[in-house]
Every structure is written in structure tokens, then in C-alpha cells.
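Note sheet for the following structure.
Each chain gets a letter, A, B and so on, in the order the sequences are listed, and its residues count up from 1.
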Amino acid sequence: MIILSRISSLKNPFKSTHTSSFIHNFVPTVDPSESLLYFLSLSVETQSLKLTQQCHAQVHRVGLTQHPLIAQKLIFSYSHFKHTDDSQLVFGSILLKSTHLCNNLLNGLAKNQLFSKSFELFRNMFVATSLPLADEFTFSIIFKTVGDFGDFLYGKMVHGRGMKNGFVLDTVVGNSLMTMYSKCGSIYDSLKVFDEMLYRNVSSWNAAIMCCANLNLDKENGFSDNNKLWEFVKGMQNEGLKFDAYTVSILLSLCEGDVKNGNWSKDLGYGRELHCYIVKNWLDLCSGSGSDAHLGCCLIDMYSKSGRVDVGRTVFDRLKYRNVFAWTAMINGYVCCGHYDEALCLFREMQWKDQLEPNKVSLVSVLPACSSFAGLIGGRQIHGFAIRRELNHEVSLCNALIDMYSKCGSLSNASLVFEYECIRKDAISWSSMICGYGLHGKGQDAMVLFDKMLQSGIKPDTVTVVGFLSACCRSGLMNEGIKIYDYVVNNYDIEPTLEMCACMVDMLGRSGQLDRALDFIKRMPVEPGPSIWGALVSASALHENSEMRDLAYKFLIQIEPENSSNYISLSNLYAASKRWDVVAEVRKTMKERGLRKLPGCSWITINSVTHSFLVADKSHPCSGIIYRVLDELGLAMKLYGHNTVSAYMMEVLE
DNA sequence: TTAGGGTTAG
């Protein structure tokens with residue numbers, strides 16, 4: 001069961017309604033401006049908007065409205081609390097505006113993503129006589145803003161203006177400019193700035209490394225792999241510059257190994273080296289300062305995604321300062337490795353042990369654990385918590401909720417989130433809902449939604465297509481699926497993936513077009529894997545084509561000689577046709593190769609008690625009634641068709 | 001007052 005404690009806000013005296021006398025007692029000391037500056041800094045530190053507002057009132061009371069430093073602090077504080085109207089009000093009231101003050105407001109507007117207002121203020125600094133001229137600080141802020149906004153052409157224009165004024169020669173401005181181009185998708189322009197810089201610091205190299213890491217390296221510019229990135233890493237070392245925490249965190253994100261493989265020596269080469277580097281150079285990783293949690297997160301993430309969540313946990317346990325990011329990284333690590341119980345445990349601990357409130361990402365991270373382990377009750381609790389915190393319209397959270405509800409059997413709730421809570425739907429929202437319909441055997445609904453998605457101008461990606469094709473496949477809409485495959489590949493510039501091709505083979509095969517399926521395999525643009533041959537095996541068995549089945553098996557065993565499931569299903573097939581000689585041969589091969597089939601396991605949680613079942617397991621006290629219901633369902637499926645019965649059961653469960 | 005690194009969804 002998920003527990004979301006009702007955590008009170010930070011234990012902060014300034015959030016109390018009874019503290020208004022505090023500032024009155026303090027201000028009339030030697031210099032009121034000093035006191036006010038102190039309190040304004042304190043208001044940000046303690047996250048108290050109320051204190052900022054009290055300071056503002058005092059500023060008026062003691063007649064310090066034109067004090068430049070106080071005005072700057074007020075603008076900064078109000079921007080910090082997202083009260084940008086008040087920031088602009090303070091700015092407007094200052095008669096003699098300095099460049100510093102303008103930069104302050106510009107920064108505040110940009111941090112609140114008020115892009116058009118930021119650009120307007122920037123433009124006015126060049127045309128309005130009432131405003132001072134821009135400086136290098138103005139340009140580093142505006143380059144960052146343009147990067148966040150992602151407007152390459154506007155960025156080019158501002159770059160030209162910066163060059164004209166000579167500010168681009170400044171190292172910080174140059175770094176900011178590099179990042180702007182990187183975020184706008186132009187690796188070429190970013191690295192050109194780097195090449196032309198007069199003085200480069202560690203941050204300049206980091207920006208170049210980040211640029212290579214972030215972008216899909218553009219083959220036209222001659223970068224087809226990570227070589228360019230490692231050139232920068234080496235170049236930095238050749239210049240005698242040491243990695244800083246930023247360098248290490250960027251590199252750690254590139255060291256994620258294959259979760260399924262989880263081979264320590266193969267996957268963790270660079271990751272472990274970087275961990276050693278951190279220990280050697282930042283011995284205070286565990287010292288309790290705020291910054292160590294940052295690298296701690298990167299390490300936890302790297303180890304978890306390399307299949308070594310246990311090492312990630314050791315890093316986590318040794319951190320003395322654990323913020324919400326560190327807890328979320330650890331929860332997510334457990335979810336990624338399928339340790340859902342651990343993830344849910346940690347989610348509770350984070351709240352009662354460290355008194356930390358989960359953020360949007362924590363909720364998104366823990367929701368898959370509900371889908372797989374805690375069930376609908378846990379998922380509903382998370383949803384309720386999100387509504388109380390007004391996070392339920394966040395698109396990523398909505399998407400995770402749609403997925404959770406679908407997988408927990410509540411398609412109606414998934415649909416409600418999709419229709420009414422997910423205001424700004426993205427491709428993932430549409431895909432999640434389409435997959436939900438597919439999962440519940442509602443192929444027609446999936447088709448309608450897919451059509452709506454295309455009508456809305458949202459471009460489907462490979463996951464959408466796979467979700468849609470498997471929905472068609474599950475609902476017997478094979479011809480419709482085959483038609484759509486051709487349509488999206490030809491009209492949406494989608495490169496067929498292995499999963500898409502497997503759906504196609506499945507659909508062609510199930511509809512009895514086995515020769516066409518084999519022809520598709522021969523022509524498909526990706527190397528056929530086990531899912532392809534597996535689909536052909538099933539379809540050949542379904543349509544009793546032993547020649548095609550044997551051919552598909554030959555390839556399947558060739559690709560996956562160590563997968564016991566392949567041998568078991570082969571053995572079962574031959575057993576069904578009483579070919580005991582082949583059955584014995586297959587079993588012998590399995591024995592020789594040391595392969596054993598792990599029994600399948602499923603579980604269900606009812607009233608906080610989890611009941612698990614193995615194949616043919618009759619150890620449960622209610623085993624008798626369970627098997628009786630199963631037999632009845634099997635019979636009903638034969639009589640009325642599995643789609644009808646599944647849809648009925650889903651309705652009953654909801 | 002300026003740049004860069006952390007956890008997220010199908």
C-alpha cells in the first residue's frame with residue numbers, strides 16, 4: 001500500500017501567520033536598508049514569499065523605494081517566487097534604471113519562461129532612451145533565454161548584435177552562446193563559436209562536450225558517432241584542464257550500460273573510472289554539502305541503468321545529504337530493474353524518514369511500480385496526491401497515469417485522464433491511450449484515436465505505430481493494420497523498427513498469409529530477430545503449416561540457442577502431433593545445454609495481501625474455486641469468443 | 001546580476 005503522508009510545509013517561521021511582528025522589531029535598528037537587504041536574502045533562503053512582501057511594505061514605509069540594491073533584491077525575490085508582475089511593478093517604479101537592474105528583471109522573466117517579455121525588454125534596451133545600454137551580462141542572459149526558447153534564427157540575429165557590440169569575446173558570453181546554438185540544434189554553429197573563442201575555460205570545454213552528447217550527431221557535418229565528443233574530452237586533458245563536477249556528470253550520463261546485460265566489466269568501464277575520479281577529487285561526496293547529491297544522482301542513475309542497482313543503493317546509502325532528486329533517482333533505479341517492492345518501500349521512506357515531499361518526477365517514477373506491483377489502489381493514491389498538489393495536468397504525469405490505469409484494468413479512468421486532465425497532449429499521451437485500447441482488445445477505439453491523432457497534426461513515432469499495430473493484431477483487424485503500416489512508413493518518414501516488423505509478420509501470419517510474411521521478412525530493412533521468427537512459428541502452427549514452422553524454428557534456435565522457452569514450445573508442438581522421437585531429441589538438447597525452464601509466476605494484491613501463483617499451482621487455499629472459475633471462463637470464451645468475455649471481465653473488474 | 005551538470009512518461 002502506498003502511503004502519502006500529509007507533510008506540512010518546510011518548518012519555517014516566516015510562513016506562519018503570527019510572525020508579522022518579527023520584521024517590525026528588527027527594522028528600526030541602525031540602518032534600515034541593511035536590515036531589509038538581510039531579510040530579503042533570508043526570504044529566498046527560507047522560501048518565504050510572505051517575508052518578501054513584508055520587506056516590500058517596509059521599503060515603502062521607510063522611503064527606500066529608489067534604493068538600487070533593494071530594488072534589485074526585490075525583483076530577484078519576486079521572480080524567485082514566480083511573482084513576475086510584482087517584479088515588473090518594482091522595476092517600473094525605479095526612476096533611474098541601471099543596466100544591472102535591467103539584467104535582473106531580464107533574468108527573472110527568462111527564468112519564469114516569459115520569453116516574449118524578455119525579448120521585448122532586450123529590444124527596448126537598444127531603442128528606448130529611458131533604458132540603459134546592454135552589457136556582457138545582458139548578452140549571456142539573452143543567449144540562455146533564446147536557447148531555452150529554441151529559436152535559431154532569432155539567436156543568429158542576437159549573436160550578430162552581440163558581435164557588433166564586442167560582447168561575444170567574453171568567455172562566459174561565449175559559453176552561453178555555444179549552449180544556445182546547441183539547444184537550437186546547430187552543433188556546427190556551437191563548435192564554430194568554440195573554435196573562435198579567445199579564452200576558453202573548463203566550462204567552454206564542457207559546453208562542447210555537452211553539445212556533442214545532446215545532439216543527434218549530424219552526419220552532414222562529419223560526425224557519425226561519439227568520436228568528436230571523446231576528441232573534446234582528450235583535448236581538454238591535453239590542455240592541462242581538470243574535469244570538474246559538470247564534466248563528470250555529463251560523462252556519467254553517457255556511461256549507461258545495458259540493463260538486461262548487466263555485465264560489470266563490459267558495461268561499467270568508464271562509469272567506474274569516473275566514480276573513482278569523483279572519490280579521488282571530491283572526497284566530500286558524502287560530506288553533506290548540497291552539491292554532492294548532484295553527482296550522487298548521476299552515479300545512482302548510471303549504476304542502475306547498467307543493471308547494478310545494488311551498487312547504486314550503496315552510493316545512495318552513503319550520501320549524507322539526500323534531496324528529492326537523490327531519492328527519486330534511487331526509486332527510478334529500482335523501477336528500471338524491476339524491483340518494484342523496493343521502489344515502493346523507498347517511496348514511503350522518503351516521506352517519513354527524510355520528511356521530503358515527492359515531486360512530479362517522483363510520482364512519474366513510482367507509477368510503473370503500481371502498474372506492476374501495488375495495483376489500482378496505490379495508483380489511485382498517487383493520482384489523488386497529484387490532484388491535491390495541482391500536478392495532475394502535467395503532461396508527463398498524465399501519461400504515466402494513463403498507462404497505470406490501463407495496465408491496472410481501468411480503461412475508463414485512463415480515458416478520463418486522457419480526455420479531461422491531460423490538457424496539452426503530446427505524442428506519448430496519444431500513444432499511451434492507443435496502447436491502452438489495444439491492451440483491452442478495443443482495436444476499433446484504437447483506430448479512431450489513431451486517426452484523431454493524425455488529424456490533430458501530432459506526428460506518430462515508432463512506439464505509437466507499434467502500439468496501434470498490436471491493437472489491430474489483438475482485435476483481429478489485420479488488414480487495417482497492414483494498410484496503416486504502409487501508410488505511416490511512406491507518409492511520416494518512420495524507419496521500420498524490429499518491433500514494427502514483428503507486428504507485421506504477426507498480422508500477415510495470423511491472417512494466413514504465411515508466404516507473404518516470409519517475403520516481408522526477406523525484404524525488411526532490419527535484421528530479423530527472435531520476435532520475428534517467433535511470430536512466424538506461432539502463425540505457422542496456427543495454420544498447420546509444418547514446413548514453414550520448421551523453417552522458422554531453425555532460425556529461432558540459431559539466433560537464441562540459450563532460450564529454454566523456444567525448446568519447450570517446440571517440444572510441445574511435436575508432442576501435440578505425437579512425434580515423441582522429436583520431443584525426446586529436443587529435451588536431450590536442452591539437457592546437454594544445461595537449459596531449464598523457469599516456471600511462470602503471476603500475482604494479485606487483494607486487501608493489501610499479495611497472492612502469487614506458479615504454473616499448475618494448487619497450493620492456494622482457494623485453489624478449488626479459482627480453477628472452477630477458470631474453467632467456466634474458458635468455456636465462455638469458447639462459446640462467445642475471447643473478445644466478448646475479456647470486455648465483460650474488464651467491466652466487472654472496474 | 002551572466003553560462004554549463006541530477007530524478008520522469010507510451
With a 4.0 Å cut-off on heavy atoms, is [X] in touch with a base, just the backbone sugar-phosphate, or nothing at all?
X: A/Asp403; value: sugar-phosphate
X: A/Thr99; value: nothing
X: A/Ala326; value: nothing
X: A/Ser203; value: base
X: A/Ser432; value: sugar-phosphate
X: A/Ile428; value: base
X: A/Asp148; value: nothing
X: A/Ser176; value: sugar-phosphate

Could you check whether the side chain of [X] and the base of [N] have a donor-acceptor pair of N or O atoms closer than 3.5 Å, going by distance alone?
X: A/Asp244; N: B/dG4; answer: yes
X: A/Asn104; N: B/dT1; answer: no
X: A/Ser406; N: B/dG10; answer: no

Ring centroid separation for A/Tyr437 and A/Phe468, is it under 6.0 angstrom? no
Side chain of A/Ile141 - closest among B/dG10, B/dG5, B/dT2: B/dT2
Among B/dG5, B/dG10, B/dA9, which is the nearest nucleotide to the side chain of A/Ala245? B/dG5
Could you label the plane-to-plane angle of the [X] and [Y] rings as parallel, tilted or perpendicular, counting under 30° as parallel and over 60° as perpendicular?
X: A/Phe167; Y: A/Phe139; value: tilted
X: A/Tyr270; Y: A/Trp230; value: parallel
X: A/Tyr334; Y: A/His339; value: parallel

Below the 4.0 Å mark, does B/dG4 have OP1 or OP2 next to a side-chain nitrogen or oxygen of A/Lys144? yes
